[in-house]
Participant: 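Supplied in structure tokens, the structure appears directly below.
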Amino acid sequence: DLEQLILPTGTTLDRFIMRHQAHFPFATGELSQLLRDIALASKIVNREINRAGLANLSGAMGGQNVQGEDQQKLDAIANVRFIRALINGGEVCAIVSEEEEKVIDTGNWHGKYIVAIDPLDGSSNIDVNVAVGTIFSVYRRKTLIGTKPEMQDIMQKGTDQVAAGYILYGSSTMLVYTTGHGVNGFTYEPSLGEYYLSHPNILTPTMGKIYSCNEGSYNEFSPAVRKYVDYCRESGYSGRYIGSFVADFHRNLFKGGIYIYPSTSKAPNGKLRLLYECNPLAMLVEQAGGDATNGRQRILTIEPTDLHQRTPLFIGSEQMVSKAIRYIESET
Ligand code: AHG
Ligand code: MN
Ligand code: MN
Ligand code: MN
């Protein structure tokens with residue numbers, strides 16, 4: 001009836017986090033607080049993205065980031081907002097950000113957690129009103145609490161993540177995350193400033209008919225990857241590529257599909273970064289029953305060696321990823 005249509009009922013993110021924490025008797029609430037801090041920053045960034053054109057927030061900063069990309073104003077703004085929220089929240093002792101060359105020591109040395117973040121994913125889409133996102137990955141520190149965080153706290157395999165998620169600033173703003181016990185999606189109600197549970201226990205279809213890659217680079221793909229893309233075309237699959245990894249990933253998560261950013265002559269290790277793009281979404285997709293590989297091994301088992309290292313990526317429905325791997329294996 002009308003009542004149902006008007007007000008979002010059900011569980012807010014805060015209530016969900018608290019209930020979820022109840023399953024962990026030893027949890028002392030820091031991870032819950034960390035997730036709340038990320039959600040808070042996302043609400044601020046959401047508002048700035050929605051009004052970018054009005055507040056002169058679109059366009060480039062005029063400088064380049066460590067990736068060699070023209071940093072967009074919203075890249076820088078989102079970066080500052082998430083870093084400030086994490087520093088003020090007190091739970092995080094160190095942060096790796098796509099927009100920061102070096103690790104940020106937050107000074108909260110009693111914080112148990114490390115966060116790796118892509119503050120704004122898909123920044124080439126900002127000024128043209130196409131969906132963008134934020135991706136985050138959470139680790140427990142390995143070194144003694146109260147001491148200065150070290151590189152061994154940062155350089156952890158994806159299997160060591162304690163939480164991972166993203167915010168998609170799309171036709172609606174959604175937060176999707178996992179702490180290793182399934183994937184849940186929350187939709188933001190701006191008029192109330194709350195995220196509500198809208199997609200509980202997300203599972204991705206094991207098979208799909210959507211492939212996502214930048215076909216403009218087709219001629220730079222390896223013969224095996226070209227053969228797999230040809231196979232997708234011959235199978236009558238739909239090509240869907242937004243240019244925002246979070247948006248492409250989210251659509252494929254619900255509909256089934258595969259996203260590929262392989263090695264190309266311009267980007268021999270692919271373009272997507274391991275720590276704050278591939279690992280978090282690899283954890284999410286595995287929790288949802290999908291797969292993520294670099295063509296030779298599970299993304300989550302890659303031993304990081306550099307903050308901003310890139311990796312080729314094949315991620316999505318399990319049967320589609322295994323098919324792509326068969327093409328690659330038949331080549332080597
Ligand atoms: P970011 O905006 O955080 O740098 O990430 C952009 C990434 C990813 O979001 C997207 O899928 C990919 O770059 C698009 O790359 P191409 O333009 O080379 O296809
Ligand atoms: Mn970038
Ligand atoms: Mn990105
Ligand atoms: Mn980014």
Side-chain angles (χ1 to χ4, degrees), residues 38 41-42 45 48-49 52 57-61 63-83 95-101 115-137 164-170 176 210-221 225 229 239-253 257-282 284-285 292 299 307-316:
I38 289 174
S42 77
V45 170
E48 280 158 349
I49 285 171
L57 296 181
S58 45
M61 287 289 282
Q64 289 220 320
N65 63 10
V66 66
Q67 323 283 341
E69 301 164 342
D70 293 337
Q71 193 178 51
Q72 302 300 302
K73 283 180 190 160
L74 277 172
D75 280 323
I77 289 169
N79 186 48
V80 165
R81 292 290 187 195
F82 280 101
I83 290 172
I95 302 168
V96 178
S97 166
E98 180 202 348
E99 305 301 333
E100 297 290 337
E101 181 169 2
V115 168
I117 189 163
D118 177 358
L120 206 103
D121 174 69
S123 14
S124 63
N125 281 327
I126 292 169
D127 296 350
V128 293
N129 207 14
V130 171
V132 292
T134 296
I135 310 172
F136 62 90
S137 166
Y166 59 82
I167 295 96
L168 175 58
Y169 310 99
V176 176
I210 293 171
Y211 70 102
S212 308
C213 69
N214 184 338
E215 302 213 35
S217 309
Y218 176 87
N219 295 337
E220 297 174 44
F221 292 167
V225 173
V229 172
R240 288 284 185 277
Y241 192 69
I242 298 170
S244 293
F245 180 30
V246 170
D248 282 313
F249 176 87
H250 184 81
R251 180 209 47 246
N252 292 356
L253 183 70
I258 186 168
Y259 175 101
I260 299 174
Y261 206 112
S263 137
T264 66
S265 25
K266 263 207 299 284
N269 287 320
K271 175 181 183 181
L272 297 185
R273 283 60 50 121
L274 177 65
L275 261 63
Y276 40 78
E277 289 174 310
C278 299
N279 269 340
L281 296 196
L284 277 168
V285 83
I299 291 290
L307 280 190
H308 302 291
Q309 76 185 70
R310 300 168 194 264
T311 170
L313 177 70
F314 302 76
I315 186 168

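As the structure lists them, so they are numbered: ligands from 1, and atoms in each ligand from 1.
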Participant: Measuring from E99:CD to N79:CG, what's the distance to the nearest 0.5 Å?
Facilitator: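 It is 5.5 Å, given to the nearest 0.5 Å.
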
Participant: What distance do E101 atom CD and L307 atom CG have between them, rounded to the nearest 0.5 Å?
Facilitator: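 The CG atom of L307 is 9.0 Å from CD of E101, to the nearest 0.5 Å.
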
Participant: Answer yes or no: is there a donor N or O on one side and an acceptor on the other, between the side chain of T134 and the main chain of L120, under 3.5 Å?
Facilitator: no

Participant: How long is the gap from OH on Y241 to OG on S212, to the nearest 0.5 Å?
Facilitator: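 It is 8.5 Å, given to the nearest 0.5 Å.
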
Participant: Over all heavy atoms of both residues, which pair between I167 and S42 is shortest? Give the atoms and the distance, please.
Facilitator: CG1-CB, 3.7 Å

Participant: Checking S244 side chain against V246 main chain: does a donor-acceptor pair fall under 3.5 Å?
Facilitator: no

Participant: Can you list, by chain and residue number, every protein residue with a non-hydrogen atom closer than 4.0 Å to ligand 1?
Facilitator: E69, E98, D118, L120, D121, G122, S123, N214, Y241, G243, S244, F245, Y259, Y261, K271, L272, R273, E277

Participant: Between K271 and E220, does at least one N-O distance fall below 4.0 Å, as a salt bridge requires?
Facilitator: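 Salt bridge flag = no for E220 with K271.
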
Participant: Could you check Y166, F245, Y259 and say which one makes a ring pair (Phe, Tyr, Trp, His ring centres under 6.0 Å) with H250?
Facilitator: Y166

Participant: Count up the protein N, O or S atoms sitting under 2.8 Å from the Mn ion (ligand 4), would you?
Facilitator: 3

Participant: May I ask you to decide if I242's main-chain N or O and D248's side chain share a donor-acceptor pair within less than 3.5 Å?
Facilitator: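 Here the side-chain-to-backbone pair exists.
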
